[in-house]
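Note that the structure is a prediction, hence the values are computed from the model and not measured. Both backbone and side-chain heavy atoms feed into the values below; hydrogens, waters and symmetry mates do not.
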Amino acid sequence: MGTLASNRKGFITGTSQTNYASALNVATGTATDSATGNQNCIQYFKSSGRGGGTFRFIRTFIHFNTTNLTEASSISLQLTSAGGSDSSNFNVTAIKHSAGSSNGSAIGNADFNNIDRNTAYSSATEYASSGTITFTLNAAAAEQINNNNDFNVALLLTVDATQSEEDPLESDGDITNAIAFSSAINLVYTEPAASGYNHKVNTIAATSIGKVNTVATANIGKINTVD
């Protein structure tokens, strides 16, 4: 298995709106770039008080430098939960984003809505209150990872990612998931099988041999006409 740590991670708190529908599509927010510690960073908040109330979302934005990945398969995104719930309302979906100029630069306030809801990178995933959360990434994610230098993945509540028309909260409250940003956020993947000569030479396993007569084993198909 291979592991690639995130290059940048942060979140943006959307500007408060007076209703649920407007909060889904607000253009700006307050960015927390290069986040550390335990943070409530995937959220829907609702307070319907006098004067229109307060409705807002928080979205997480992650960047990976995937320059050296070309044949990764069975890819997942793993992070550490710092709080959440198994309720379906707390489900999270990974989708494409273009924050940070799509190249790992700092995320800014104006990046809040730089998301692509038409490109989901995972299905709705349960978010437990602790432990490792694993998002199984799909073919669209694998294509991006293996063919581009940058992989930009946003984590949104599924109701946000799918633009659910129905407000998930009947009364005031919040749906909040937290990430332990001081822990690693990783892509975990299967590496391609090694090529070249893969048999023992003079009782020594091929995995312990780097070269035979100065030739790298990856470049050897046969030794003395033997495959």
Side-chain angles (χ1 to χ4, degrees), residues 4-15 17 23-36 39-45 56-66 69 75-84 89-127 133-145 148-164 168 174-181 183-188:
L4 178 67
S6 59
N7 178 64
R8 199 170 207 111
K9 48 192 177 182
F11 60 94
I12 305 176
T13 303
T15 303
Q17 300 295 299
L24 279 171
N25 295 297
V26 67
T28 62
T30 301
T32 301
D33 184 54
S34 300
T36 59
Q39 301 285 350
N40 294 330
C41 55
I42 309 170
Q43 183 189 71
Y44 170 55
F45 176 87
R56 69 167 181 265
F57 284 91
I58 304 178
R59 299 166 180 165
T60 289
F61 297 82
I62 306 167
H63 172 269
F64 293 88
N65 182 339
T66 52
L69 294 185
I75 309 171
S76 63
L77 171 68
Q78 295 187 348
L79 55 83
T80 301
S81 171
N89 280 339
F90 287 70
N91 284 352
V92 175
T93 299
I95 69 171
K96 182 178 181 179
H97 79 74
S98 57
S101 300
S102 296
N103 61 10
S105 298
I107 60 172
N109 297 345
D111 280 320
F112 181 74
N113 209 33
N114 286 339
I115 56 174
D116 181 358
R117 289 188 172 102
N118 292 319
T119 306
Y121 285 148
S122 79
S123 59
T125 300
E126 291 184 2
Y127 203 99
I133 308 297
T134 299
F135 296 86
T136 300
L137 301 185
N138 58 24
E143 181 178 3
Q144 176 67 33
I145 290 166
N148 295 276
N149 294 334
D150 303 282
F151 179 57
N152 298 287
V153 55
L155 300 178
L156 279 62
L157 290 174
T158 299
V159 294
D160 185 9
T162 60
Q163 284 187 295
S164 174
D174 65 274
I175 302 170
T176 301
N177 292 323
I179 294 176
F181 278 105
S183 297
I185 298 179
N186 291 327
L187 291 180
V188 179

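Not a single side-chain hydrogen bond (donor to acceptor under 3.5 Å, both in side chains) links Asn40 to another residue, sequence neighbours left out. Partners of Arg8 by salt bridge (Lys or Arg N to Asp or Glu O under 4.0 Å), not counting sequence neighbours, listed by chain and number: Asp33. Every side-chain hydrogen bond (donor to acceptor under 3.5 Å, both in side chains) that Asp111 has, sequence neighbours left out, goes to Asn114. Looking at residues two or more places apart in sequence or on another chain, you find no side-chain hydrogen bond (donor to acceptor under 3.5 Å, both in side chains) involving Ser183. In terms of the salt bridge (Lys or Arg N to Asp or Glu O under 4.0 Å) criterion, Asp150 has no residue partners (sequence neighbours excluded). Residues forming a side-chain contact (heavy atoms from CB on, under 4.5 Å) with Ala142 (at least two apart in sequence, or on another chain): Ile75, Asn146.
Of the residues Ile95, Thr60, Thr125, the one that meets the side-chain contact (heavy atoms from CB on, under 4.5 Å) test with Leu155 is Thr60. With His97 as reference, Asn152 is the one residue of Asn152, Leu156, Asn113 to meet the side-chain contact (heavy atoms from CB on, under 4.5 Å) rule. With Phe151 as the fixed residue, the side-chain contact (heavy atoms from CB on, under 4.5 Å) test singles out one of Asn7, Leu137, Leu77, Ile62: Leu137.
Among all heavy-atom pairs drawn from Ile185 and Lys9, the shortest one is CD1-CD, 3.7 Å.
Looking at Ser101 and Asn103, their side chains never bring a donor and an acceptor atom within 3.5 Å of each other. A donor and an acceptor atom, one from each side chain of Thr13 and Thr30, are nowhere located under 3.5 Å apart. When only modelled atom types and interatomic distance are considered, Gln17 and Asn25 share no side-chain donor-acceptor pair under 3.5 Å.
In this structure, CG on Asn109 lies 8.0 Å from OG1 on Thr15, to the nearest 0.5 angstrom. Of the inter-residue distances, the one linking Asn65 atom CG with Asn148 atom CG reads 11.5 Å to the nearest 0.5 angstrom. Going from atom CD of Gln43 over to atom CD1 of Ile58 covers 4.0 Å, rounded to the nearest 0.5 Å.
Within a 6.0 Å sphere centred on CD of Gln163, other residues, nucleotides and ligands contribute more than 12 heavy atoms.
Not one N or O on the side chain of Thr80 forms a donor-acceptor pair closer than 3.5 Å with the backbone of Ala180. Ser122 places a side-chain N or O within 3.5 Å of a backbone atom of Ala94 that can act as its donor or acceptor partner.
Between Phe57 and Phe112 there is a side-chain heavy-atom pair separated by less than 4.5 Å. Residues Ile107 and Arg59 are not in side-chain contact: their nearest non-hydrogen atoms beyond the backbone lie 4.5 Å or more apart.
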